[in-house]
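Report on one structure; see the data block that follows.
Naming: A, B, ... by sequence-line order, numbering from 1 per chain. Side chains included, hydrogens not; waters and symmetry mates left out as well; all remaining heavy atoms used.
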Amino acid sequence: MELVQRYIAAVQRELPETKRDEIGRELNANIMDQLDALTEQQGEINDAEVAALLKQMGHPRTVAQQFVPPQPFINASYMALYKNTLFMVLGILFVLHLVEVTTLWLSSADMGLIRYGFALFGGFIDEACFGFTSITVAYWFMSRQQPVANTSCGKSWQPETLPPAGPGWQHIKLQDIFTDLASYIFLLVVIWYPLSMSAEQLAQSSLLLSSNVRLILQYSTPVIVLGIMHSLWQLQQRLWSRNMLASHVVLNVVIAAIALYLASTSPLLQLNTERWYGVFNLQQLERSAMITLVIIALFPAWEALRDSVRLRKFK
Amino acid sequence: MTTAQLDKMRLELRRGVLVLAALALLKQPHYGYSLRKQLQDSGIDIDEGTLYPLIRRLAEQGLLDSEWKHAEGRERRYYQLSTMGQEMLQQLTTEWRLLNGALGNLLASDEEKA
């Protein structure tokens, strides 16, 4: 009977402490009854037959889970809300981190683009891990407290208040909103942060843009602020409307035009030619910057074209 | 249809009926093994991994009363319908008869068409 005791102990180890004794006691009684029935049929039974019966009952973990089914870490009724909170917080963390790292990059003399990239994404992963853990623990705690409560799917909703049925693209994804928001805020920091720096700091900073380009970008600030406001509007509505699409088309056309105008400007960059001597020449870098700006202009141009088509189909 | 699909559907179909069958048999007191034996003798074959947790859950819901008794030199936990369990059995029996009648008609008309 030692095998039975070992089996029951293995099942008990998989159970919550409060239920171990009771379930173990009941399982023991059930197994003994089955062994009695087997003895009645076959006469004396050996360890191999006991082992076969226990194997037939199932792995101790499976048996324990049948008695006490595992609880999901986060209650299913909270799952939609949990995912929404997670994306929202991660998006905000990314934007805040972007501002922090960009100001550090602009004010630092020895922080190159590669280090900036590492600091941006490596640091974000750190913050994202912390955010993910905090939100998950908070929802786990809520799931333990009120497992059936559901704030967003109660009885108070009305079919009349649901948004009209529209095409699949009408729902705006959180990652799209936060990508736009992060880009606009990045531009704002790049344009305005150097103004708070002294001439000495400016000379030592990693900023490569010429004063001409910086001036054009400063004049573009209202467009960028409008972009931020548009992103916040999207975040609030989460569904494209005619007005929102139309304003997005205008916004993207203006941004594409600014990028193309910048591409036609010369000089684009303000470089320490001694530092780059023998690696790149100024003409190569200017040409690369111009091509980059044309490629950058293609993104808002594509969005403007896409939204124009959508606007035409929109009822 | 694969055998696995059939097994899954069959399991789902039987799972709902099993509660009714267990409640019906527990008008008389039974311990786990005797209940399983009774079900088997009535043509409902069920493995212990499903039945024992099921009767515990029914007891936790207040549909069964339970009591540990010593018999034949061994302790066993006996289960029997509680008052709430009796009411539930009555309601589920009515529901089952309605469903059975409706399904009987549906399946009969399907067979006639075939």
Kindly check if the number of other-residue, nucleotide or ligand heavy atoms within 6.0 Å of [atom1] ([X]) is above 12?
X        : atom1 : answer
A:Arg238 : CZ    : yes
B:Arg74  : CZ    : yes
A:Glu40  : CD    : no
A:Gln175 : CD    : yes
A:Phe124 : CZ    : yes
A:Trp140 : CH2   : no
A:Trp302 : CH2   : no

field: B:Arg56/A:Glu22 ion pair, N-O < 4.0 Å
entry: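 A salt bridge links B:Arg56 with A:Glu22.
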
message: Closer than 4.0 angstrom, basic N to acidic O: yes or no for A:Asp33 and B:Arg36?
response: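 Here A:Asp33 does not pair with B:Arg36 in a salt bridge, since their nearest N and O are not under 4.0 Å apart.
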
query: So which heavy atom on A:Pro69 is nearest to which on B:Arg57, and how close?
result: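 Result for this residue pair: CG-NH1, 4.4 Å.
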
task: Grab the two heavy atoms, one from A:Ala29 and one from B:Trp68, that are nearest each other, plus how far apart they are.
output: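 In terms of heavy atoms, the two residues are closest at CB-CZ3, 4.4 Å.
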
message: So for B:Glu48, is it side chain, backbone, both, or neither that comes closer than 4.5 Å to the heavy atoms of chain A?
response: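 Only the side chain of B:Glu48 comes within 4.5 Å of chain A.
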
- prompt: Where does A:Asp36 contact chain B at under 4.5 Å (heavy atoms): side chain, backbone, both or neither?
  reply: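 It is the side chain, since no backbone atom gets that close.
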
task: Considering only heavy atoms and a distance below 4.5 Å, find which of A:Asn30, A:Thr62, A:Ile23, A:Val68 pairs most often with chain B.
output: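 So the answer, after comparing A:Asn30, A:Thr62, A:Ile23, A:Val68, is A:Asn30.
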
Interatomic spacing from [atom1] in [X] to [atom2] in [Y] - rounded to 0.5 Å:
X       : Y       : atom1 : atom2 : value
A:Glu26 : B:Arg77 : CD    : CZ    : 4.5 Å
B:Asp47 : A:Met57 : CG    : CE    : 9.5 Å
B:Tyr33 : A:Ile31 : OH    : CD1   : 13.0 Å

